[in-house]
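Below is one structure, written out as structure tokens; comments come after it.
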Amino acid sequence: MRYTINGKKRTARGKMTVLEAARSAGIDIPSLCDNDYLEPYGACRLCVVEVREKGRKGWRVVASCLYPLKEGLEIRTDSKLILQHRKLLVELMLARCSGNRYVRRLAKRFGVKRPRFGGGDEDCIMCGLCVRVCSEIVGAAAIGFSSRGISRKVETPFGIDSSKCIACGACTYVCPTGAINMEYERVIELRKNEKEHMCRYTLMGFLDEAVCMLNYECARCEVDQRMRDRFDTHPAFAMHGRLRGAAAAGRVKRTGKKGVK
Amino acid sequence: MVRDTEHELMGIIEDMLSVKEGRGPNGRVINEILDRNGNDPTRIVAILQCLQDRFGYLPREELYLISDLLGLPMNRIYHLATFFKAFKLTPPGRNTIKLCMGTACHVRGAGVIKDAIERYIGVSVGGTTADFRFSFETVRCLGCCGLAPVMTVGDTVHGKLEPSMIRKVLEKYR
């Protein structure tokens, strides 16, 4: 498959998205909601590029994380229009999350000084990483989106404590803006009345009876620290594809379609 | 005679126990709805519509039951149920007040009417009174701008409203 990216001719083999192609060509495209382990989602739109299909005249602005690479595709990743688009997107994010330091850092990188729109003090940019990690990787499907428009938010069904949540913390790990945090006090509380909560490592399938006979959250679990030392990432990602616990049994089946919302 | 009563009692207990399996009183309804939709998780919106037709809202227990039976995670169902304005998650009152907030009604003072209704029933838009007598919502256009400002209570249309009329109109509904 031949394609042109920023004027350079390249070839690629197999199915891939424009974002993957660009990265393999060493071209950096910013993105927030993209994660190697998750299906592309197209929420942050920062990865927009201009494409022109073979035999077509006009250029189109598309989200590169969702757009499949095609024969003879021409791609522009840093045209004036694209930079303008990205800057506006970041400006909107800054307007929504004016106090968030991660968003502010992003704004600085894109040269956005003060948003022209009213300042909100949200932390969440609705990228959906936490929601997707919870159902696609951990398999717990404890959190999801609710409502729409300006009242859209991430929460558990009915806003009550979900029995599906295994307190693994994968959502807090992937969150790009630090909007989701672990309620450590409550985790400690859970561990105090030990028998009430199943061990999250057992639920994720790291531990089985051969390794640890207890299957509830222990007040003093060494695995906790060792996991962090060993993987240097969240356990759910480290074990991706190999999770086999109770939580993973309920994992959402992949539809094979890309960009399902 | 005794055996009959016993039989009946066993039946009731069985029904109570089997709600979770989708065979109980509401379980039967749910199963029927699911069967009508071919037990297809992709038809979840249609299933929710059927559920709302049957109960007037989306009852929580039944949603969890559907989630179990279809193998569709609750976060997806909740997402849909809150995404579409047509779905209600709380039981509606016996009388539903729909106040028109369309352009004509708006101009003719629907805002004041809204305040008057809220003052009379004691709940704001989207709410239901504690005794389930009224639920109150606003709609865009009822299609009879000549009667502006207009509202419907149940199926009855009340037009050319004035704030002072609200008490008299709503008193009739129990």
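Chain A is the first sequence line, chain B the second, and so forth, proteins listed ahead of strands; every chain is numbered from 1. Bear in mind that the values here come from a model prediction, so they are computed numbers and not experimental data. Values below: every heavy atom of this structure, side chains too, minus hydrogens, waters and symmetry copies.
- The number of heavy atoms from other shown groups lying within 6.0 Å of CG (D35(B)) is above 12.
- Between F158(A) and L89(B), some side-chain heavy-atom pair lies under the 4.5 Å cut-off.
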(request) Before giving the answer on side chain to side chain contact (heavy atoms under 4.5 Å, CB included), spell out for E155(A) and H79(B) the whole-Å C-alpha distance, their side-chain angles and the decisive distance to 0.1 Å. (result) CA-CA 9 Å; E155(A) 63 174 355; H79(B) 183 185; over 6 Å; no
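- Looking at P157(A) and Y64(B), their side chains come closer than 4.5 Å, going by heavy atoms from C-beta outward.
- Listed for the T82(B) side chain is a donor-acceptor partner under 3.5 Å among the backbone atoms of S147(A).
- Considering only heavy atoms from C-beta on, R60(B) comes within 4.5 Å of I160(A) through its side chain.
- For R96(A), the CZ atom is densely surrounded, since the number of other residues' heavy atoms within 6.0 Å is greater than 12.
- For R148(A), the CZ atom is densely surrounded, since the number of other residues' heavy atoms within 6.0 Å is greater than 12.
- The line from CG of N75(B) to OG of S162(A) is 8.5 Å long, rounded to the nearest 0.5 Å.
- For chain A, no part of L72(B) is nearby; none of its heavy atoms comes within less than 4.5 Å.
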Return a table of donor-acceptor pairs under 3.5 angstrom between the side chains of residues 121-132 of chain B and protein atoms on other chains or two or more places apart.
residue, atom, partner, partner atom, Å
T129(B), OG1, D131(B), OD1, 2.8
T129(B), OG1, R133(B), N, 3.1
T129(B), OG1, F134(B), N, 3.1
T129(B), OG1, F134(B), O, 3.3
D131(B), OD1, R133(B), N, 3.2

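- Taking Y102(A) as the reference, nothing meets the side-chain hydrogen bond (donor to acceptor under 3.5 Å, both in side chains) condition, with sequence neighbours excluded.
- By the 6.0 Å contact criterion, NZ on K160(B) is open, its count of non-hydrogen atoms from other residues, nucleotides or ligands being 12 or less.
- At a 4.5 Å heavy-atom cutoff, the contact between T156(A) and chain B is made by backbone atoms alone.
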